[in-house]
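So that the names make sense, note that chain A is the first sequence line, chain B the second, and so on, each numbered from 1.
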Amino acid sequence: MNATHSSSSSGGSGIGSGPLSHGNSPTCYFVMIGTKDNPIYEAELVSVNTARSSSGGATISEAKKEEFRHLNQFIAHSALDMVEDLQWSSNQMYLKVIDKFNERFISAYLTAGNIKLLLLHDAKSEDAIRNFFNDCYELYIKTLLNPFYEPNSIISSAAFDAKVRLSAKRYL
Amino acid sequence: MSSSASATSRLSVMSMAASLPSVGGYSSAPSSIYAKRNTTNILERHLNKTRGAEVSVNAFAFLFSEMLQYTQKRVNGIQDLERKLNELGYRVGIRALDLLVWREKNSKRETRVLGMLYFIHTTVWKAMFGKQADSLEKSTENEDEYMISDNDPMVSKFISIPKDVSQLNCGAFMAGIVEAIMDGCQFPSRVTAHTVPIDGFPLRTTILIKLDREVLEREEQLK
């Protein structure tokens, strides 16, 4: 894990040096992680309202973005440690930004049943992310109430996916 | 198999009223030959819709007796039967935890044992049985044991236990619910139900919660 981070940070600093640094990935990566550290839902969400506009850096940023997409899972996984550290010191559900990787922030939300909702994003307002997390928590509870849904198993419902993306479009 | 039994049990304990299709759909199009089906996606129903809904105790008692008969055919022994009831209660408890915490707007996660037990004693019992549990006690002999008592548990009210299985306690279902809630909040524990009759309440059941050692260690660190 450390080796991966060092190699990507050298690549990441290449992106971060220019004025197009911020426009490289307007996508957010959202993942829900169950109690056994197993991902039960992942989604790459294209956000419309990024903090700064991505002008002129489109071609370079697309290529770089493809290269680093697979890192999302590693980044999220390593952020789990931070979540567990903070879990017992606060009784809030929304844990705000818990980690930072290159230019991206990781926000976390911990549900009552110990499901972790993680979002990798660029700079965004806390309120927007809190609303998005609340929406996703509601959707998760509704899925959980289904007696045919085995807790901690993968959520493969297309309706759930559509609702998450709709919520992301509204808040992010 | 057992999942379908617990599927219906979950529906009835949480709210049977919500599972019936809305009557409004039938009368909205009087000219159509076919009655309009209620096809609302579960993801679109509001979670607070059935918040105060109640299920009649007759319906629940009937369902519970069927659950008992169903499991009786598939087990051999009282321990096994209590374990199966515990599992059925577990499935209810997982869902109850998230739903009840969400319904209490501005609710926080519980990080301390006492807060968690108080939540079970008041909120969970009130949502399930319409009243708070009757007492919450800490055992004086062991550091890791707590007891929640119910003087008149609804699950055992209409179950008559024959002499040869007199050790059976149907409170194992409630114990399963409590165990699921404790597990979900990361307080793993062993939960069992015992009958301790006192004057005036022959059916009084005590749920004994024995916390795992790691929970105690964590409590120590948090103090």
With a 4.5 angstrom heavy-atom cut-off, is it the side chain or the backbone of A:Ile115 that approaches chain B, or both, or neither?
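Neither part, no heavy atoms under 4.5 Å.
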- Measuring heavy-atom distances to chain B, does A:Phe160 have an atom under 4.5 Å in its side chain, in its backbone, in both, or in neither?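 Both parts, heavy atoms under 4.5 Å.
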Look up atom [atom1] in [X] and atom [atom2] in [Y], then write down how far apart they are to the nearest 0.5 Å.
X	Y	atom1	atom2	result
B:Leu43	A:Asn146	CG	CG	9.0 Å
A:Lys142	B:Trp102	NZ	CH2	7.0 Å
B:Ile42	A:Leu139	CD1	CG	10.0 Å
B:Ile94	A:Glu150	CD1	CD	7.5 Å

| request: Go through B:Ile181, B:Asp183, B:Leu97 and name the one with the most non-hydrogen pairs under 4.5 angstrom from chain A. | output: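 Top option by heavy-atom pairs under 4.5 Å: B:Leu97.
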Under 6.0 Å from the [atom1] atom of [X], do we count more than 12 heavy atoms belonging to anything else shown?
X	atom1	answer
B:Glu143	CD	no
B:Glu66	CD	yes
A:Lys96	NZ	no
B:Lys126	NZ	no
B:Leu222	CG	yes

For B:Phe129, give me all partners under ring-ring contact (aromatic ring centres under 6.0 Å, His included), at least two apart in sequence or on another chain.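 In terms of ring-ring contact (aromatic ring centres under 6.0 Å, His included), with neighbours along the sequence ignored, B:Phe129 is linked to B:Trp125.
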Which of A:Thr35, A:Thr111, A:Thr143, A:Leu110 touches chain B most, by non-hydrogen pairs under 4.5 Å |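 Most heavy-atom pairs within the cutoff with chain B belong to A:Leu110.
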Check your understanding: If you tally heavy-atom pairs under 4.5 Å against chain B, which of A:Ala159, A:Ser90, A:Gly113 wins?
Key ->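 Most heavy-atom pairs under 4.5 Å with chain B: A:Gly113.
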Is any side-chain heavy atom of [Y] closer than 4.5 Å to one of [X]?
X	Y	value
A:Lys163	B:Asn41	no
B:Arg91	A:Pro151	no
B:Asp98	A:Tyr137	yes
B:Lys108	A:Gln92	yes
A:Leu145	B:Leu99	yes

**Report entry** Close contacts, residues 210-218 of chain B versus chain A, judged by heavy atoms under 4.5 Å
**Finding:**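 B:Arg218 fall under the 4.5 Å cut-off.
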(Q) Using every non-hydrogen atom in the two residues, find where A:Ala112 and B:Cys185 come nearest and quote the distance to one decimal. (A)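 Heavy-atom minimum between the residues: O-SG, 3.7 Å.
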Do the side chain of B:Arg109 and the main chain of A:Asn114 share a donor and acceptor less than 3.5 angstrom apart?
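Checked: no pair found.
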